[in-house]
2 protein chains.
Amino acid sequence: MTGSPAPTRRPRSSGRATLADVAQAAGVSPITVSRALRGERAVAPELVERVQQAVRLLGYVPDPAARALASSRSSHVAVLIPLLSNALFVDLLDAVQRSLLPAGYQTLIGVTHYDPAEEEALLRSYLLHRPAGLIVTGFDRTEAVKQLIAGSGVPCVHVMETVAAPGIYSVGFSQSDAGQAMTQHLLDSGRRRIAFAAAQLDPRTLQRLQGYRQAMQAAGLVDSKLEWLDPQRSSLALGGALFEQIRREAPDVDAIFFNNDDLAQGALLAALRLGVKVPDQLAVAGFNDLTGSDQMLPPLSTVRTPRSAIGAEAARMLMALMRGEAVERPQLDLGFEIVRRGSS
Amino acid sequence: MTGSPAPTRRPRSSGRATLADVAQAAGVSPITVSRALRGERAVAPELVERVQQAVRLLGYVPDPAARALASSRSSHVAVLIPLLSNALFVDLLDAVQRSLLPAGYQTLIGVTHYDPAEEEALLRSYLLHRPAGLIVTGFDRTEAVKQLIAGSGVPCVHVMETVAAPGIYSVGFSQSDAGQAMTQHLLDSGRRRIAFAAAQLDPRTLQRLQGYRQAMQAAGLVDSKLEWLDPQRSSLALGGALFEQIRREAPDVDAIFFNNDDLAQGALLAALRLGVKVPDQLAVAGFNDLTGSDQMLPPLSTVRTPRSAIGAEAARMLMALMRGEAVERPQLDLGFEIVRRGSS
DNA sequence: CTGAAAGCGCTTACAG
DNA sequence: CTGAAAGCGCTTACAG
């Protein structure tokens with residue numbers, strides 16, 4: 001019974017309910033619907049109720065693309081991390097997503113492979129999408145890239161480290177304090193020739209090295225020959241290789257502090273293979289308390305880092321910033337914990 | 001020298017160059033620019049050149065939101081995986097991103113925690129964003145969710161398993177064949193009382209179990225008491241616990257096939273702790289060849305699964321689908337490899 | 001507290 | 001092979 005002439009143009013709409021549909025159903029204007037939905041300003045409570053009913057009735061869901069185009073801001077949060085193969089960052093991400101997803105934000109994950117150039121490229125690409133927010137790892141970037149972030153106007157939270165700087169938001173802990181504390185723990189348990197073995201050599205690893213040096217310095221035991229710094233990627237195999245190398249080149253070393261648990265785990269396995277008794281002949285310590293460290297033989301002493309809490313707090317801080325709220329504590333230090341197990 | 005009156009409205013533009021700017025600079029219409037940029041139809045080569053020059057000159061980059069709104073299709077690819085804490089899926093993701101990013105696609109990562117309901121919620125959420133493509137893990141979803149995917153019209157590639165079904169695209173390998181092959185390897189090396197120990201109990205684990213049963217059946221050695229199926233999440237600690245339990249409850253077991261390497265690694269560590277000699281008293285085998293398996297004592301025999309290749313091929317297949325091209329082989333079996341090391 | 005108009009920056013669907 | 005018009009579904013900026 002449609003007496004009207006067939007339309008000349010095929011409609012381009014997706015068939016989903018639109019803001020206009022909701023407005024019509026609720027008997028208000030589209031702008032009022034828009035405002036009611038975003039909780040902006042005080043729309044009359046009665047209208048809000050009518051709008052919400054219409055939304056339910058029609059199963060209306062806002063179109064993210066239209067929203068992004070009109071407001072110059074998407075519902076995406078870009079998260080830049082160095083690596084996905086380090087459980088540390090997986091835990092961080094998991095916590096971030098768990099907070100952001102229920103709030104309606106989609107997470108874009110960028111892996112930088114510890115390469116500032118790669119990070120810059122990702123950042124430029126993501127910024128084109130006008131993300132609602134940004135989470136980046138650490139502070140190791142060029143002045144140009146910092147300007148790029150600041151100039152974009154996109155709220156940004158830095159994770160893993162903290163820094164006191166105006167307009168900079170960060171959630172993390174002091175990597176150097178953690179390095180110092182573990183070294184001190186080894187000193188306190190009577191070790192003297194404590195080696196520091198590190199891979200990757202990213203900024204946070206080097207901060208831990210500083211902490212190690214401070215503790216050794218204070219004890220009057222500094223010896224640069226005790227530092228093994230390998231730029232290769234961290235792995236169990238590399239940990240084993242470093243262990244053998246240190247045993248060979250410095251037989252008097254009585255403790256090794258590895259900058260990541262995978263290295264330390266590899267070292268413990270190498271010790272088993274070589275028949276080196278840990279901790280009797282040699283203490284071994286790691287960093288991060290990764291999966292499996294408590295299962296090793298002996299269980300690995302390590303530094304437990306609060307990456308899940310960092311992720312959750314960073315998400316919370318970012319959401320406040322995205323809502324335009326003031327953040328009372330722009331710099332959040334979540335600390336760390338020395339976990340003493342059998343290996344030290 | 002602007003004699004014109006001050007504009008009454010503040011401009012809402014972002015300041016970036018737009019399609020219209022490029023069109024004006026190139027002396028063509030906006031549609032021609034749009035077509036030239038997307039490589040659609042044959043635009044006169046000379047015009048394409050002029051457009052490209054204007055693009056370079058102005059530093060033009062298309063606005064993803066506008067594009068998505070006008071075309072009902074974003075530049076996002078949603079990838080749904082069960083877990084981020086299993087290195088298997090991290091490798092898969094890494095490979096997917098490595099292929100998709102240079103092609104201009106952004107990856108949205110959804111973690112389902114092996115929960116179909118959670119997967120459905122994520123899927124509905126992502127589909128609202130009208131992704132350009134979809135990558136999902138396996139085939140374990142309700143008919144309703146399958147309809148949801150099919151009805152969305154979004155190209156979709158399934159990974160980790162393969163299936164022959166019209167309109168279904170998949171890249172993976174036969175989990176049951178892999179389970180069978182490893183069991184056969186243990187049989188071939190003289191083992192008879194071979195236990196199958198599994199956690200998580202996701203669909204692919206159960207397929208491996210089928211393969212195990214087939215091999216045991218063929219050898220006339222089936223015994224349901226040899227199956228230890230634990231719904232808990234896979235971990236080193238659980239592997240150790242399962243190892244102890246199996247030793248206690250079935251002392252005559254002469255080999256244990258764990259459905260994931262982390263379990264097997266935990267078992268090897270437990271064996272060291274308990275003084276059980278592997279492989280003399282007992283063979284141990286794993287699945288996936290994860291990091292560290294080659295470092296264990298003894299090194300772990302396992303099934304190497306081609307997850308990086310799966311990710312790369314799935315991305316390639318998806319890109320073909322997104323371009324509207326025909327895919328000659330909608331079902332790609334990438335196989336697996338038995339890696340024999342010291343533990344068997 | 002509410003709304004009419006304009007606009008965000010693209011692509012679609014027709015037409016020639 | 002090229003283009004003028006319309007439209008995608010929202011929000012912004014004014015105005016009242």
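In what follows, chains are A, B, ... by sequence order, proteins preceding strands, each numbered from 1. Everything numeric in this text was worked out from a predicted model, so none of it was measured.
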Below 4.0 Å: OP1/OP2 of [N] and any side-chain N or O of [X]:
{"X": "B/R73", "N": "C/dC10", "answer": "no"}
{"X": "A/T18", "N": "D/dG9", "answer": "no"}
{"X": "A/R67", "N": "D/dC8", "answer": "no"}
{"X": "A/T32", "N": "C/dG3", "answer": "yes"}
{"X": "B/S71", "N": "C/dT11", "answer": "no"}
{"X": "B/S34", "N": "C/dC10", "answer": "no"}

If you write DNA chain C from 5' to 3' in dot-bracket form, with Watson-Crick or G-U pairs under 3.5 Å, [ ] for crossing pairs and | for pairs with another strand, what do you get? |||.||||||||.|||

Could you tabulate the donor-acceptor pairs under 3.5 Å formed by side-chain atoms of residues 323-331 of chain A, not counting sequence neighbours?
unit_1, atom_1, unit_2, atom_2, d
A/R323, NE, A/E325, OE2, 2.8

Show me the pairs that pass ring pair (Phe, Tyr, Trp, His ring centres under 6.0 Å) and involve residues 135-159 of chain B, at least two apart or across chains. B/F139-B/H158

Under 4.0 Å, counting only non-hydrogen atoms across every strand here, what does B/P62 touch: a base, just sugar-phosphate, or nothing? sugar-phosphate

Separation of [N] [atom2] from [X] [atom1] (nearest whole Å):
{"X": "B/Y60", "N": "C/dG9", "atom1": "OH", "atom2": "P", "answer": "10 Å"}
{"X": "A/L69", "N": "C/dG7", "atom1": "CG", "atom2": "P", "answer": "14 Å"}
{"X": "B/E46", "N": "D/dT2", "atom1": "CD", "atom2": "C1'", "answer": "13 Å"}
{"X": "A/L37", "N": "D/dC10", "atom1": "CG", "atom2": "C1'", "answer": "11 Å"}
{"X": "A/D63", "N": "C/dC10", "atom1": "CG", "atom2": "C1'", "answer": "13 Å"}
{"X": "A/Q24", "N": "D/dG9", "atom1": "CD", "atom2": "C1'", "answer": "15 Å"}
{"X": "B/L58", "N": "C/dG9", "atom1": "CG", "atom2": "C1'", "answer": "15 Å"}
{"X": "B/H129", "N": "D/dG9", "atom1": "NE2", "atom2": "C1'", "answer": "14 Å"}

Look at the side chain of [X] and decide which nucleotide, out of [options], has an atom nearest to it.
{"X": "A/L19", "options": "D/dT11, C/dG3, D/dG3", "value": "D/dT11"}
{"X": "B/A66", "options": "D/dA4, D/dT12, C/dC10", "value": "C/dC10"}
{"X": "A/I31", "options": "C/dC8, D/dC8, C/dA5", "value": "C/dA5"}
{"X": "B/A70", "options": "C/dC10, D/dT12, C/dT12", "value": "C/dC10"}
{"X": "A/R35", "options": "D/dG3, D/dA13, D/dT11", "value": "D/dA13"}
{"X": "B/A44", "options": "D/dC1, D/dC10, D/dT12", "value": "D/dC1"}

Can you list, pair by pair, the side-chain donor-acceptor contacts under 3.5 Å of residues 163-171 of chain A, counting residues two or more places apart and other chains?
unit_1, atom_1, unit_2, atom_2, d
A/S170, OG, A/V163, N, 3.3

Side chains of B/R130 and A/D63: does their closest heavy-atom pair fall under 4.5 Å? yes

Return yes if a side-chain donor-acceptor contact under 3.5 Å exists between A/S125 and B/Q106, otherwise no. yes

Among B/N86, B/V159, B/D91, find the residue that satisfies the side-chain contact (heavy atoms from CB on, under 4.5 Å) test when tested with B/R307. B/D91

Partner residues of B/E313 under the side-chain hydrogen bond (donor to acceptor under 3.5 Å, both in side chains) criterion, sequence neighbours left out: B/R316

Listed by chain and number, what are the side-chain contact (heavy atoms from CB on, under 4.5 Å) partners of B/A103, not counting sequence neighbours? B/Y105, B/M319

